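Presented below is the structure to which this report refers.
Remember, predicted model here, so these are calculated numbers, not experimental data. The figures here come from the full heavy-atom set of this structure, side chains too, leaving out hydrogens, waters and symmetry mates.
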Amino acid sequence: MLTLRTVAEEAILHMNHPALPRPPYHVAIFRYRRNGEDAVGYGEARRDMLEMAKLQPGFLGMDSIEGEGGEGVTLSYWTDEASIRAWRAQDELGVIREKSRRGWYDHYDLQVARVERAYGWSSAEDGDGTEWDAGSP
């Protein structure tokens, strides 16, 4: 079971709900199970990957959640699939990817999807809540 983890030193390990545009946009869904090894190196690499993403054209934001057993999901949002491919290519020679395969994860998988419609509700706007529909026309 995934539970929200609040770790102040790792800003990306929380659901920050980035402001997203009206669909369509793309999301890269990274699901994983950590093995618990090299926590310091893992944290540094996650911060580096987020910083690379922030500099990449087409980056919209990121959400991440991790459970006590090391299972987690990171969602990164992008304007288009080409931006996701370019972000991945920034990891020259796959150095971070190869380290992650060998040293940080028991397994992981990545899925890329196009978001066609988005819905939500928030009580933050007023006491009655605000519902929104950012569906494409």
Side-chain angles (χ1 to χ4, degrees):
M1 179 170 114
L2 292 178
T3 56
L4 185 62
R5 195 173 116 178
T6 55
V7 179
E9 68 272 12
E10 291 189 50
I12 62 172
L13 284 180
H14 70 282
M15 300 295 280
N16 60 5
H17 302 295
L20 297 170
R22 290 181 62 86
Y25 52 87
H26 286 72
V27 60
I29 306 162
F30 180 66
R31 298 180 316 148
Y32 59 89
R33 181 179 309 121
R34 292 229 328 106
N35 62 15
E37 300 294 320
D38 188 20
V40 173
Y42 176 72
E44 290 171 359
R46 285 182 64 104
R47 283 188 291 279
D48 290 349
M49 291 298 285
L50 176 60
E51 291 308 312
M52 280 195 307
K54 286 180 179 178
L55 298 173
Q56 190 68 34
F59 179 71
L60 299 172
M62 188 176 289
D63 284 328
S64 189
I65 190 166
E66 187 172 304
E68 292 177 14
E71 290 191 39
V73 178
T74 296
L75 307 170
S76 60
Y77 304 97
W78 301 86
T79 55
D80 53 39
E81 190 172 355
S83 296
I84 295 171
R85 289 178 194 269
W87 173 49
R88 183 174 172 165
Q90 289 299 309
D91 177 14
E92 293 291 324
L93 303 174
V95 173
I96 293 175
R97 273 195 312 273
E98 186 60 26
K99 171 62 178 167
S100 69
R101 284 185 188 129
R102 295 173 184 257
W104 298 320
Y105 300 105
D106 287 335
H107 75 83
Y108 69 81
D109 57 71
L110 178 72
Q111 299 161 321
V112 175
R114 179 179 159 107
V115 176
E116 296 289 342
R117 193 164 187 85
Y119 304 91
W121 179 87
S122 173
S123 64
E125 296 292 322
D126 58 44
D128 295 330
T130 300
E131 187 171 343
W132 52 270
D133 176 351
S136 51

Set of residues satisfying side-chain hydrogen bond (donor to acceptor under 3.5 Å, both in side chains) with respect to [X], sequence neighbours excluded:
X     : answer
Asp80 : Ser83
Arg85 : Glu81
Glu37 : none

Atom pair [atom1] ([X]) and [atom2] ([Y]), whose distance is rounded to the nearest 0.5 Å:
X     : Y      : atom1 : atom2 : answer
Arg88 : Leu110 : CZ    : CG    : 7.0 Å
Glu71 : Arg31  : CD    : CZ    : 9.5 Å
Leu20 : Thr79  : CG    : OG1   : 11.5 Å
Arg46 : Leu50  : CZ    : CG    : 9.0 Å
Thr74 : Tyr108 : OG1   : OH    : 13.0 Å

Notebook entry, point to check: Mind checking what makes side-chain contact (heavy atoms from CB on, under 4.5 Å) contact with Val27, not counting sequence neighbours?
Noted result: Ile29, Leu75, Tyr77, Ala113, Val115

Item checked: Test side-chain contact (heavy atoms from CB on, under 4.5 Å) applied to Glu51 - qualifying residues, sequence neighbours left out -> Lys54

Looking only at heavy atoms, what is the nearest atom pair of [X] and [Y], with distance?
X     : Y     : answer
Glu66 : Tyr32 : OE1-OH, 2.9 Å
Tyr42 : Arg34 : CZ-CD, 3.0 Å
Pro21 : Leu60 : CD-CD1, 3.7 Å
Ser76 : Met62 : CB-CE, 3.9 Å

Item checked: Side-chain donor or acceptor of Arg33 paired with backbone N/O of Gly70 under 3.5 Å -> no

Check: Taking C-beta and beyond as the side chain, do Pro23 and Glu116 meet within less than 4.5 Å on heavy atoms?
Finding: no

Check: Parallel under 30°, tilted from 30 to 60°, perpendicular over 60°: which one fits the rings of Tyr105 and Phe30?
Finding: perpendicular

Check: Mind checking what makes ring-ring contact (aromatic ring centres under 6.0 Å, His included) contact with Phe59, not counting sequence neighbours?
Finding: Trp78

